[in-house]
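Order of the sequence lines fixes the chain letters, A, B, ..., with proteins taken first and strands second; residue numbering starts at 1 for each chain. Just so it is clear, the model here is predicted, and its values are computed rather than measured.
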Amino acid sequence: MNIKAPKGTKDILPNEMANWHFIEKTAEETFEKANFKEIRTPIFEDTNLFERGVGDTTDIVNKEMYSFEKSERSLTLRPENTAGVVRAYLEHNLYRESPPSKFWYFGPMFRYERPQAGRQRQFHQIGVEMFGIQDASADAEVIMLAVEFLKRLGLNDLTVEINSLGCSVCRKEYKEQLKKAISPFLNQLCEDCQSRFEKNPLRILDCKNENCNKLFEEYNLKSKISGIKLCDECSSHYEKLKLYLNALNIKYVENTFLVRGLDYYTKTVFEIKSNNLGSQNAVCGGGRYDGLVETLGGVHTPAVGWAMGVERLNALIPLIETKKIDYFVVSDNQLEAVKLTEKLRNKGFSAEFDYTSRKFAKQLEKAAKIAYKAIILGEDEINNGYLTVKDLQTSEQTKISFDKLIN
RNA sequence: GCGGGUAUCGCCAAGUGGUUAAGGCCUCGGAUUGUGGUUCCGAUAUUCGUGGGUUCGACUCCCACUACCCGCCCCA
C-alpha cells in the first residue's frame, strides 16, 4: 500500500492513547472544577468567520487556511477555535445567561504550513474562553487555570510570559511610538522586519534574527518600549493582573517583546513556554480579546482565553504504559473459554481468550504480555468445576471455584 | 514561500562497485504433547524510496523526481 497519511498529519496509535486520555481527562477535571463547560463546535466554518474573526492581515488567514467551495459557499477547516466559540456564543444567545460564560474545548485544528518539530497541519488544541468580565480577575482566572492544568499534567520547567498590548486606542499610539523608535535603524534590520514595519510593527519585537536582536540592544529598544505608556485604563488593568498573579503565587516574566500573531488580542497577552522543546516551544498562548464579539456581530463583550497545543504537551509527557487486561483465559476448549470470557466481561473485568487454542505454553506467553492474570481452564478444571488463576506478576497460582470468581 | 538533511525487512540498523544483502528487536514455530517472563535452535527483504543513466556488473557512482525530517516565516 502506498497511500500514506497526508503530509503534516499523524496517526495516533493505540500505544499513545493512554497519554491522550490522560491529557483529556485531566483537562476535563481541571476545567469543570472551575465551572468551565465543554463546548464542541464544527470542524469547518464559513470562511468569512475566520477572515473577520482572526484577521485578514494574519498569516493564518493569508496562507494557512484549508478552504473549499461547496454549493457556492466557501468553507474552511478551522485553524483555531476562538472564532468558532464566539460564533456559537452569539448564535445561541449564550450571552443571555448571567456573566461570565465559561467554555472549554478540545479538538483538531488545521493549518496549511510546512511541518516541523512541534508543528503539524492537523493538530489538536485544548482551550478555554471566558466571556463577559472586564476585570483583570478574569485574565488571572484563565492563567491560573492554565498553570493548574500544566501542574496536574506533571509538567515543569515552564515559563509564563505576560505583556499588555493596550486597547484599540493606545495600541495605535504604541505602534506609532514603536515605529519611531525603530526607524533610525530600520534599514539595517532583516527583510522580514522591513516588511513587518508597515504590516504589523509589533511583530518586529519578536524577531529571532541575531543581527536584529543585536540592533535592539544597541539602540536600547527595550527600555524605549517600556517607556511607552499605555492609557490609564490599560495600564491599571495590567497592574491589577500582576497583583492577582502575585497573590496567587504564579511566577511570571514580563516580556515587552511578547506579541501575538492573531489580530484580535487587546490588553493582556501571554504565553507559556517550555525549555524542553525544539524551536516551537510555546505550549500555551492566549490573551484578552475585548473586540472580537463585537466584530462578529454581537454587543461589546469583554473576553479572555487561551489555547494549548496538545501534541506539544504530549511531547513533554513521558509515554504512559498501556494498561493490560485483567484476565486472559487459557484453554484448549474454546467453547468454554468464550463462555467464561463473556461472564468475566459482564462482571466488569476486561478479558480475552486465545482464539487458536494453541499449546498452553504459547497461550501463557501471550497472556503474560497482555494480561495481569491468566485463568487456566483445562480439562481437569472443566470436569471438576474450578478455575486456576495465575498471577502473572508473582507467578502465584490458586485454585478457585467457578462460582466464586463469577459471583 | 525559502534554506539544510535523510531514504536498506514492522522497528533499529551494517554494507559502500563483484557470487546467496550482516546483526539486533518484534512476530511466528520448535526444544518443553497442561504453565509464560531466562536460555537455546529455526523461519521471515528475488531486494535496498521511484524513474532513468554510467558499467561486463550497482544498495553502492551520476541525474531527475517523490516522500519524510530539521530550520526560517508564523503559530499551539
Side-chain angles (χ1 to χ4, degrees), chain A residues 1-10 13 15 54 57-64 78-82 106-127 146 190-193 195-196 199-200 203-204 206-210 212 259-262 265 270-274 277-286 305-316 328 330-333 354 356-382 388-397:
Chain A
M1 189 178 76
N2 53 11
I3 298 175
K4 292 187 188 145
K7 185 196 281 256
T9 67
K10 278 210 165 74
L13 298 171
N15 70 319
V54 178
T57 68
T58 61
D59 277 11
I60 289 180
V61 169
N62 281 321
K63 53 181 198 186
E64 296 174 3
R78 62 185 187 195
E80 57 96 60
N81 206 26
T82 299
F106 177 103
M109 308 295 156
F110 306 85
R111 292 182 198 172
Y112 185 76
E113 298 182 85
R114 207 53 160 265
Q116 68 184 73
R119 167 181 298 152
Q120 294 169 204
R121 288 183 172 179
Q122 179 181 166
F123 61 102
H124 295 76
Q125 287 189 332
I126 288 178
C190 71
E191 264 179 54
D192 290 323
C193 282
S195 75
R196 282 188 277 233
K199 232 171 57 185
N200 191 346
R203 279 191 231 159
I204 293 178
D206 212 20
C207 186
K208 278 155 199 142
N209 184 297
E210 257 179 59
C212 290
V259 291
R260 317 230 63 251
L262 284 69
Y265 287 114
F270 57 90
E271 256 177 38
I272 302 178
K273 291 176 180 165
S274 165
L277 286 174
S279 62
Q280 306 306 324
N281 63 351
V283 131
C284 173
W306 51 254
M308 295 201 195
V310 181
E311 281 80 1
R312 290 184 191 175
L313 292 177
N314 196 208
L316 297 168
F328 187 85
V330 170
S331 179
D332 48 14
N333 185 327
D354 196 285
T356 60
S357 65
R358 297 177 282 182
K359 51 165 39 171
F360 279 24
K362 291 296 170 192
Q363 293 195 34
L364 257 315
E365 197 179 319
K366 167 101 176 169
K369 267 176 211 145
I370 67 166
Y372 295 114
K373 289 177 179 175
I375 295 183
I376 295 155
L377 182 62
E379 217 174 317
D380 197 52
E381 282 86 349
I382 294 168
T388 302
V389 178
K390 178 165 190 172
D391 185 308
L392 295 161
Q393 258 88 66
T394 62
S395 290
E396 202 180 316
Q397 197 163 305

Trainee: Using the P atom in both, what is the distance from B:rA58 to B:rU47, to the nearest Å?
Mentor: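 The same atom, P, in both gives a distance of 15 Å.
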
Trainee: When you compare B:rC9 with B:rG15, how far apart are their C1' atoms, in angstrom units rounded to a whole number?
Mentor: 15 Å

Trainee: Is there a donor-acceptor pair closer than 3.5 Å between any side-chain N or O of A:Gln397 and the backbone N or O of A:Lys390?
Mentor: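 No, because the side chain of A:Gln397 does not come within donor-acceptor range (under 3.5 Å) of the backbone of A:Lys390.
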
Trainee: Could you tell me whether the side chain of A:Gln363 and the main chain of A:Ser331 form a donor-acceptor pair under 3.5 Å?
Mentor: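 Yes; judged by distance alone, with no hydrogens or angles, the pair exists.
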
Trainee: Choose from B:rG34, B:rA76, B:rG36 the nucleotide whose nearest atom is closest to any side-chain atom of A:Thr388.
Mentor: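 Given the options B:rG34, B:rA76, B:rG36, the side chain of A:Thr388 is closest to B:rG34.
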
Trainee: For residues A:Val283 and A:Leu313, determine if any side-chain heavy atom of one lies less than 4.5 Å from a side-chain heavy atom of the other.
Mentor: yes

Trainee: What integer distance in Å separates A:Asp59:CG from B:rG1:P?
Mentor: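 Result: 14 Å.
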
Trainee: Report which part of the nucleic acid A:Gln397 touches: base, sugar-phosphate, or nothing (heavy-atom distance under 4.0 Å, all strands).
Mentor: base

Trainee: For the backbone of A:Gly118 and the side chain of A:Arg312, can you confirm whether one donor and one acceptor N or O come within less than 3.5 Å of each other?
Mentor: yes

Trainee: With side chains defined as the heavy atoms from C-beta onward, is the minimum distance between A:Tyr265 and A:Val259 less than 4.5 Å?
Mentor: no

Trainee: Just verifying a value: how many Å separate A:Asp332 CG and A:Asp354 CG, rounded to the nearest 0.5 Å?
Mentor: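 With rounding to 0.5 Å, CG (A:Asp332) is 10.5 Å from CG (A:Asp354).
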
Trainee: Mind calculating the distance between NZ (A:Lys7) and C1' (B:rU66) to the nearest angstrom?
Mentor: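 Result: 10 Å.
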
Trainee: For nucleotides B:rU20 and B:rC28, find the distance between their C1' atoms and express it as a whole number of Å.
Mentor: 24 Å

Trainee: Give the rounded distance in Å between these two atoms: CD1 of A:Ile60 and P of B:rC73.
Mentor: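 One finds 16 Å between P of B:rC73 and CD1 of A:Ile60, rounded.
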
Trainee: Considering only B:rA76, B:rG34, B:rC73, which nucleotide approaches the side chain of A:Arg119 most closely?
Mentor: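 So the nucleotide nearest the side chain must be B:rC73.
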
Trainee: Let me check I have this right: for RNA chain B, each base becomes ., (, ), [, ] or |, based on Watson-Crick or G-U pairs with both distances under 3.5 Å. What is the full string?
Mentor: ((((((((.[[[..)..(....]]].(((((.......))))).....[[[[[..)....]]]]])))))))....

Trainee: Do A:Arg121 side-chain atoms and A:Glu113 backbone N/O form a donor-acceptor pair below 3.5 Å?
Mentor: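 Flag set: sc A:Arg121 to bb A:Glu113 pair under 3.5 Å.
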
Trainee: For B:rG4 versus B:rC65, give the span between their P atoms, rounded off to a whole number of Å.
Mentor: 14 Å

Trainee: By the 4.0 Å heavy-atom rule, please label A:Asp332 as base, sugar-phosphate, or nothing.
Mentor: nothing

Trainee: For atom C1', what is the distance between B:rU46 and B:rU33, given to the nearest Å?
Mentor: 38 Å

Trainee: Could you measure the distance from the CG atom of A:Asn81 to the CZ atom of A:Phe106? Nearest 0.5 Å is fine.
Mentor: 12.0 Å

Trainee: Students often get this wrong, so: under 4.0 angstrom with heavy atoms, is A:Ala307 touching a base, only sugar-phosphate, or nothing?
Mentor: sugar-phosphate

Trainee: Taking the C1' atom of each, how far is B:rA64 from B:rC25, in whole Å?
Mentor: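 Their C1' atoms lie roughly 36 Å apart.
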
Trainee: Classify the nucleic acid contact of A:Arg358 as base, sugar-phosphate or nothing, counting any heavy atom under 4.0 Å across all strands shown.
Mentor: sugar-phosphate

Trainee: Measure all distances between protein nitrogen or oxygen atoms and nitrogen or oxygen atoms of nucleotides 3-13 of chain B, and list the pairs falling under 3.5 Å.
Mentor:
none

Trainee: To the nearest 0.5 angstrom, please state how far the CG atom of A:Leu392 sits from the CD atom of A:Glu365.
Mentor: 12.0 Å

Trainee: Is it the case that the base of B:rU35 and the side chain of A:Glu365 share a donor-acceptor contact (distance under 3.5 Å, atom types as modelled)?
Mentor: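 No pair found.
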
Trainee: In whole angstrom, what separates A:Lys359's NZ from B:rC28's P?
Mentor: 13 Å

Trainee: Would you indicate what A:Gly118 reaches in the nucleic acid, counting non-hydrogen atoms under 4.0 angstrom: base, sugar-phosphate, or nothing?
Mentor: base

Trainee: If you measure from the C1' atom in B:rA7 to the same atom in B:rU16, how many Å do you get, rounded?
Mentor: 15 Å

Trainee: With a non-hydrogen cut-off below 4.0 angstrom, is A:Gln393 in contact with a base, only sugar-phosphate, or nothing?
Mentor: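 The answer is base, as A:Gln393 lies within the cut-off (heavy atoms under 4.0 Å) of a base atom.
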
Trainee: Provide, to the nearest angstrom, the distance between the CG atom belonging to A:Asp354 and the C1' atom belonging to B:rC28.
Mentor: 13 Å

Trainee: Just compare B:rC74, B:rA76, B:rC70 and give me whichever is closest to any side-chain atom of A:Arg196.
Mentor: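 My answer, after comparing the listed nucleotides, is B:rC74.
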
Trainee: Look at all strands and tell whether A:Glu311 reaches a base, only sugar-phosphate, or nothing, counting heavy atoms closer than 4.0 Å.
Mentor: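 Counting heavy atoms under 4.0 Å across all strands, no contact is made by A:Glu311.
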
Trainee: Tell me if a side-chain donor or acceptor on A:Gln120 pairs with a main-chain N or O of A:Pro115 at a distance below 3.5 Å.
Mentor: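 Flag not set: sc A:Gln120 to bb A:Pro115 has no pair under 3.5 Å.
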
Trainee: To the nearest angstrom, how far is A:Asp380 atom CG from B:rU35 atom C1'?
Mentor: 14 Å

Trainee: Whole-Å distance between B:rC74 P and A:Tyr265 OH?
Mentor: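 Going from A:Tyr265 (OH) to B:rC74 (P), I get 16 Å.
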
Trainee: Out of B:rA76, B:rG36, B:rC69, which has the shortest distance to the side chain of A:Ala361?
Mentor: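 From the listed options, B:rG36 comes nearest.
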
Trainee: Checking all strands, does A:Gln280 fall into the base, sugar-phosphate, or nothing category for heavy-atom contacts under 4.0 angstrom?
Mentor: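 Base, at least one base atom sits under 4.0 Å.
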
Trainee: Check this one for me: any side-chain N or O of A:Lys369 less than 4.0 Å away from OP1 or OP2 of B:rU27?
Mentor: yes

Trainee: Please round to the nearest 0.5 Å and tell me the distance separating atom NE2 of A:His124 and atom NZ of A:Lys10.
Mentor: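 Going from NE2 on A:His124 over to NZ on A:Lys10, the span is 12.0 Å.
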
Trainee: Confirm from the modelled atom types if A:Lys390 and B:rU35 form a donor-acceptor pair under 3.5 Å, side chain to base only.
Mentor: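 Answer yes: a donor N or O sits under 3.5 Å from an acceptor.
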
Trainee: Would you mind classifying the nucleic acid contact of A:Lys63 as base, sugar-phosphate or nothing, using non-hydrogen atoms under 4.0 angstrom?
Mentor: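 Answer is base: heavy atoms of A:Lys63 come under 4.0 Å of a base.
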
Trainee: Check the phosphate of B:rC72 against A:Gln116, side-chain N and O only, distance under 4.0 Å to OP1 or OP2. Yes or no?
Mentor: yes

Trainee: Distance check, C1' atoms only: B:rU66 and B:rA13, in whole angstrom units.
Mentor: 23 Å

Trainee: Start at the 5' end of RNA chain B and walk down; is the nucleotide closest to A:Val310 or to A:Lys10 reached first?
Mentor: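 Comparing both residues, the 5'-ward one is A:Lys10.
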
Trainee: How many whole angstroms separate atom CG of A:Asn314 from atom C1' of B:rA76?
Mentor: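 Between C1' of B:rA76 and CG of A:Asn314: 13 Å.
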
Trainee: So which atom in A:Ile370 and which in A:Phe328 form the shortest heavy-atom distance, rounded to 0.1 Å?
Mentor: CD1-CD1, 3.5 Å

Trainee: Could you tell me whether A:Gly378 contacts a base, only the sugar-phosphate backbone, or nothing, with contacts defined as non-hydrogen atoms closer than 4.0 Å?
Mentor: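 Base: the residue A:Gly378, judged by heavy atoms under 4.0 Å, touches a nucleobase.
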
Trainee: Has A:Glu379 got more than 12 heavy atoms of other residues, nucleotides or ligands less than 6.0 Å from its CD?
Mentor: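 Not buried by this count: 12 neighbours or fewer within 6.0 Å.
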
